[in-house]
Amino acid sequence: DVMGQLFGMQQNERQLADNFGIDRCLIVSGDSDQQQKVIEEFGNLLDEALHSCLPDGQNIIAIMGGTTIANAAKQLTNLKSTKRQNLFVPARGGIGETVNLQANSVSAEMAARSNGTYRTLFVPEQLSAVTYDSLLKEPAIVEVLNLINQANCVVHSIGRALHMAARRKMSEEDILMLKQKNAVAESFGYFFDEDGKVVYKIPRVGLQLKDVRNIPYIFAVAGGKSKAKAIQAYMKNAPQQTWLITDEAAANEILRGV
Ligand code: F6P
């Protein structure tokens with residue numbers, strides 16, 4: 001197994017991957033809750049993984065935002081060759097983050113670091129249904145949505161449900177609903193309970209969870225003891241081809257309960 005040799009798979013990485021039923025886990029020592037350096041290391045591993053996995057030709061890489069991916073993005077290195085080009089697009093539009101954490105900004109950063117190109121999806125946060133519908137007919141927006149639908153790679157993180165609801169300034173009513181449904185994890189604008197079942201979805205354009213299943217290269221980057229429950233919940237139903245890049249703090253917490 002070339003990949004196994006390359007990434008020197010450890011026993012706990014195999015155990016975690018088997019437990020989640022996914023292809024691979026990469027575990028960085030430390031706790032990303034406490035140490036910024038751990039997130040840098042996530043970035044290095046993501047960079048290596050993209051280098052070794054992405055095929056020749058035109059790749060379309062869909063990106064989610066958040067602090068983890070925004071910081072990991074800074075570690076990317078040249079991914080372009082005469083045979084391989086990479087286009088970065090935001091995975092979903094306007095799901096509520098401050099500008100530097102938005103998928104648009106992160107895909108621009110990744111493109112700059114890796115010598116790729118990027119496209120921006122301009123979909124504002126607060127829109128009436130009518131405006132939203134007409135916006136979706138705009139050629140510039142349709143074009144980017146079509147690119148997103150052709151993505152062959154996705155990079156995303158996983159967050160804690162209630163933390164993400166608060167960060168996105170969701171209404172008290174919605175937060176109560178999430179509590180009642182026992183939401184513990186969030187990814188792609190979807191909320192999941194402990195069993196990995198979707199309990200709520202923020203209705204936004206772009207990649208939908210069912211589309212993610214058909215994407216050949218999926219990299220989930222999330223760590224920290226505080227995220228252990230969320231990671232475990234999301235991973236219960238994660239597509240098998242997912243590679244999880246995480247840290248010891250999250251991995252040990254999860255494996256302790258297995
Ligand atoms: O809002 C985008 C997003 O990727 C969420 O899907 C995810 O829950 C969150 O960011 C992770 O953010 P952070 O890396 O800051 O924990």
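All ligand and atom numbering here is 1-based and tracks the order in the structure.
At least one donor-acceptor pair under 3.5 Å links the side chain of N237 to the backbone N or O of G196. Under a 3.5 Å cut-off, the side chain of N115 and the backbone N or O of K80 do not form any donor-acceptor pair.
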Under 3.5 Å, sequence neighbours excluded: what are the donor-acceptor pairs made by side chains of residues 141-159?
| from | atom 1 | to | atom 2 | distance (Å) |
| --- | --- | --- | --- | --- |
| E143 | OE2 | R119 | NH1 | 3.0 |
| E143 | OE2 | R119 | NH2 | 3.4 |
| N146 | ND2 | V142 | O | 3.4 |
| N149 | ND2 | L145 | O | 3.4 |
| Q150 | NE2 | N146 | O | 3.2 |
| N152 | OD1 | I60 | N | 3.0 |
| N152 | ND2 | N59 | OD1 | 2.7 |
| H156 | ND1 | S187 | OG | 3.0 |
| S157 | OG | V221 | O | 2.7 |

Could you tell me, for ligand 1, which of its N or O atoms are under 3.5 Å from any protein N or O, listing the pairs and their distances rounded to 0.1 Å?
| from | atom 1 | to | atom 2 | distance (Å) |
| --- | --- | --- | --- | --- |
| ligand 1 | 1 (O) | E97 | OE2 | 2.4 |
| ligand 1 | 1 (O) | R168 | NH2 | 2.8 |
| ligand 1 | 4 (O) | G65 | O | 2.8 |
| ligand 1 | 6 (O) | E186 | OE1 | 2.7 |
| ligand 1 | 6 (O) | F188 | N | 3.4 |
| ligand 1 | 8 (O) | G159 | N | 3.0 |
| ligand 1 | 8 (O) | E186 | O | 3.2 |
| ligand 1 | 8 (O) | E186 | OE1 | 2.5 |
| ligand 1 | 10 (O) | G65 | O | 3.4 |
| ligand 1 | 10 (O) | E97 | OE2 | 3.4 |
| ligand 1 | 12 (O) | R167 | NH2 | 3.0 |
| ligand 1 | 14 (O) | T67 | N | 3.3 |
| ligand 1 | 14 (O) | T67 | OG1 | 3.3 |
| ligand 1 | 14 (O) | T68 | N | 2.8 |
| ligand 1 | 14 (O) | T68 | OG1 | 2.5 |
| ligand 1 | 15 (O) | T67 | N | 2.8 |
| ligand 1 | 15 (O) | T67 | OG1 | 2.4 |
| ligand 1 | 15 (O) | R167 | NH1 | 2.8 |
| ligand 1 | 15 (O) | R167 | NH2 | 3.1 |
| ligand 1 | 16 (O) | K227 | NZ | 2.7 |

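No donor-acceptor contact under 3.5 angstrom links the side chains of K225 and Q34, judged on distance only. Judged by distance alone, the side chains of S32 and D247 do bring a donor and an acceptor atom under 3.5 Å apart.
Using bins of under 30°, 30° to 60° and over 60° for the plane-to-plane angle, the ring pair Y234/F188 lands in the tilted bin.
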